[in-house]
Amino acid sequence: MTITGYASAINPIGKANGTNLWKLHSTRGYRFSSIFTYNNPLAFGRSVFMGYHLRRPRKHIGPLQVVCMDYPRPELENTVNFLEAAYLSSSFRTSPRPNKPLQVVIVGAGLAGLSTAKYLADAGHMPILLEARDVLGGKVAAWKDNDGDWYETGLHIFFGAYPNMQNLFGELGINDRLQWKEHSMIFAMPSKPGEFSRFDFPEVLPAPLNGIWAILKNNEMLTWSEKVQFAIGLLPAMIGGQAYVEAQDGLTVKEWMRKQGIPDRVTDEVFIAMSKALNFINPDELSMQCILIALNRFLQEKHGSKMAFLDGNPPERLCMPIVDHIQSLGGQVQLNSRIQKIELNNDKTAKCLILGNGNKIEGDAYVFATPVDILKLLIPEDWKELPYFRRLAKLVGVPVINVHIWFDRKLKNTYDHLLFSRSPLLSVYADMSVTCKEYYDPNRSMLELVFAPAKDWISCSDSEIIEATMKELEKLFPDEISADQSKAKILKYHVVKTPRSVYKTVPNCEPCRPIQRSPIEGFYLAGDYTKQKYLASMEGAVLSGKLCAQAIVQVTEAVIS
């Protein structure tokens, strides 16, 4: 996409208006066309209309048109959090150019590593990004099967309350790759198989009134008495702000709810689903801090809870633009580069990284942007007794399973949106053949489902997991799916297991989260488990990378001055 004008993220100096028509040919012989108009009040543009149309190629007789409309990109650019994120991004571009750029070796090409490398490159340094696998993305990795269909590590949702992620899309010029959905949260009703309950956020109301209205209008999941009790219980969090939120880290969701006098039914009806969506575990394990961080963002920002899907597979549609940006500024990205050991100097600082093939990589600084469980396996013995590293023992990745099922027909009991299953085995799901342009199919559905909690299932066979999933889907699609496949039939499936995903956010983990700059000179950490104000999420990963890059730049500038 070409933007014909721009404005500074902090000081508006111009506006751009335009129309863009583009076409993408799918492997199934269909053609997508997307028309959208954008207005650029700040740095990166704001789409006012976005949608796509599916047409049969002209050689077919009979023009069939299926229209799938996305919602306008919300006005995020004027929010405090967006502007703070934009200012941090701009600080790298405007920082003094180093006389001798640092060669920074970064381990892990997930969003944290990619973000670290991107912002270091913006600041004039030379990142070398090493990824053990043959695919980009870490927890957003995806693979293409023999039929040309993609299957992913997880079902990824991009919220309006992700300011650093939203800035990143704008900086890369790929805002149009987010498909925004209606401002709603949709929950299945276990007591009414096949039915759903909605929380609809009205566009005409500001935050938090739009969220309050959404809750008050829903009378299917909570009674008025329960709503009032929940609202009263939540008041301390709304009044106390971030300090109060952080102080609740010692309580589970269930403990906090009972302490505030909130009925258990509120937890059962709403927060089991929310807990599993946020951290893949139930409310009796999850730290209340995690829930309050999400609620603060969702309630305080008008578009905070608005959701978008990426328009295709994450490695190509999100990660590759970051790689292209890094390489355009002189950085390097190397796949199939697994780290075997951190070799130390006599003063116990990092000397080099030894790869699995025996090669050595040296740098002026080193960043580990791997999951915390991998980092702990590679920490040198001489570092393990330092409190900074010793505290990492409490941070342990949570298992999660992502399931993809292709059916022989188009399922009707679904939405163009993320759905909370409220199943004991499933967390959230979506019909990706409807929600995502690249995966669109007018004749067959592909359900992508998060199987959680997964600790009792991670060692089970794929067929066992699919069998259990089908029994749950029978409740969600009673007229269309039966566990014995006498209705909709499975054409194929993929099961992706992640034995250690995001860190398990149980109580009292917050003091164990490390800052990005370690006590070892020249050694840094990035990852959503490191200290940053968002959840263990894509937003947290991107922000951790920015904070890591900021720490390196600040140390460099201090040495120069």
Side-chain angles (χ1 to χ4, degrees), residues 79-81 84-85 159 161-164 207-208 211-212 215 226-268 270-301 304-305 372 387-398 502-517 525 527-537 539-541 543-544 546-547:
T79 64
V80 171
N81 286 315
E84 285 180 353
F159 286 95
Y162 280 4
N164 291 282
I212 294 172
I215 294 170
E226 290 165 342
K227 292 175 190 177
V228 170
Q229 288 174 283
F230 176 53
I232 293 172
L234 199 60
L235 279 177
M238 299 184 71
I239 296 171
Q242 187 67 21
Y244 177 87
V245 169
E246 291 184 3
Q248 308 314 302
D249 179 49
L251 297 173
T252 67
V253 176
K254 180 169 282 190
E255 288 169 344
W256 185 90
M257 293 286 184
R258 288 178 174 173
K259 180 183 176 183
Q260 298 303 113
I262 299 171
D264 285 348
R265 222 180 72 83
V266 175
T267 302
D268 296 340
V270 178
F271 287 101
I272 289 179
M274 195 169 180
S275 296
K276 295 205 297 184
L278 290 173
N279 199 239
F280 313 124
I281 57 179
N282 283 316
D284 58 347
E285 291 188 280
L286 183 67
S287 166
M288 188 61 195
Q289 183 194 32
C290 183
I291 291 286
L292 290 176
I293 289 172
L295 287 178
N296 267 358
R297 296 278 67 82
F298 292 168
L299 292 175
Q300 292 181 11
E301 300 177 24
S305 56
V372 67
Y388 178 89
F389 294 106
R390 193 169 63 244
R391 286 193 294 266
L392 297 177
K394 188 173 175 62
L395 304 179
V396 178
V398 63
V502 297
Y503 83 95
K504 191 174 183 179
T505 314
V506 295
N508 300 312
C509 276
E510 193 62 28
C512 302
R513 298 176 72 182
I515 60 173
Q516 286 74 31
R517 182 181 178 184
L525 301 180
D528 58 14
Y529 70 93
T530 62
K531 190 71 174 178
Q532 42 82 21
K533 64 180 180 179
Y534 288 90
L535 311 169
S537 60
E539 170 68 11
L543 177 55
S544 77
K546 292 174 84 169
L547 294 175

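- Residues Thr530 and Arg513 share a closest heavy-atom pair of O-NH2, 2.9 Å.
- Across every non-hydrogen atom of Cys290 and Leu535, the tightest pair is O-CD2, 3.3 Å.
- Panel note: side chain Lys254, backbone Thr267; no donor-acceptor pair is recorded below 3.5 Å.
- Remark: Val245 engages Gln289, Leu292, Ile293, Asn296 in a side chain to side chain contact (heavy atoms under 4.5 Å, CB included) (not counting sequence neighbours).
- Remark: Glu510 engages Lys531 in a salt bridge, criterion side-chain N to carboxylate O under 4.0 Å.
- For Tyr503 against Cys509, the heavy-atom pair with the smallest separation is CE1-CB, 4.0 Å.
- Note on ring orientation: taking the six-membered ring where Trp is involved, the planes of Trp256 and Tyr244 are perpendicular (angle over 60°, cut-offs 30° and 60°).
- With sequence neighbours left out, the side chain to side chain contact (heavy atoms under 4.5 Å, CB included) criterion links Leu543 to Leu88, Asn164, Gln532, Lys533, Tyr534, Leu547.
- In this structure, Ala85 and Lys546 approach most closely via the heavy-atom pair O-NZ, 3.0 Å.
- Listed here is the closest heavy atom pair of Pro507 and Glu285: CD-O, 3.3 Å.
- With values rounded to the nearest 0.5 angstrom, Tyr162 atom OH is found 4.0 Å from Ser537 atom OG.
- Take Thr79 and apply the side chain to side chain contact (heavy atoms under 4.5 Å, CB included) test, not counting sequence neighbours, and it matches Phe82.
- Every residue two or more places apart in sequence or in another chain that forms a side chain to side chain donor-acceptor pair (under 3.5 Å) with Thr505 is listed here: Asn279.
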Report task. Any chance you could lay out the side-chain contact (heavy atoms from CB on, under 4.5 Å) test for Asn282 and Lys276, step after step, and finish with the verdict? Result -> CA-CA 6 Å; Asn282 283 316; Lys276 295 205 297 184; 3.6 Å; yes
Pairs under 3.5 angstrom only: tabulate donor-acceptor contacts from the side chains of residues 387-396 to other protein residues two or more places apart or in another chain.
residue, atom, partner, partner atom, Å
Tyr388, OH, Ile515, O, 2.6
Arg390, NH1, Glu385, O, 2.5

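- The OG atom of Ser287 sits 11.5 Å away from atom CG of Leu278, with the distance rounded to the nearest 0.5 Å.
- Atom-to-atom distance recorded for Gln260:CD and Met288:CE is 8.0 Å, nearest 0.5 angstrom.
- Here Phe230 contributes atom CZ and Met257 contributes atom CE; the two are 5.0 Å apart, rounded to the nearest 0.5 Å.
- When all heavy atoms of Ser544 and Asp528 are compared, the pair lying nearest together is OG-N, 4.1 Å.
- Taken from CD in Glu301 to CG in Asn81, the straight-line distance is 4.5 Å, to the nearest 0.5 Å.
- For the atom pair Asp284 CG and Glu255 CD, the distance stands at 9.0 Å (nearest 0.5 Å).
- Scored by the side chain to side chain contact (heavy atoms under 4.5 Å, CB included) test, Ala277 finds Phe420, Ser427, Val428 as partners (sequence neighbours excluded).
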Query - Pair Ile291-Gln248, side-chain contact (heavy atoms from CB on, under 4.5 Å): steps then yes or no - result: CA-CA 10 Å; Ile291 291 286; Gln248 308 314 302; over 6 Å; no
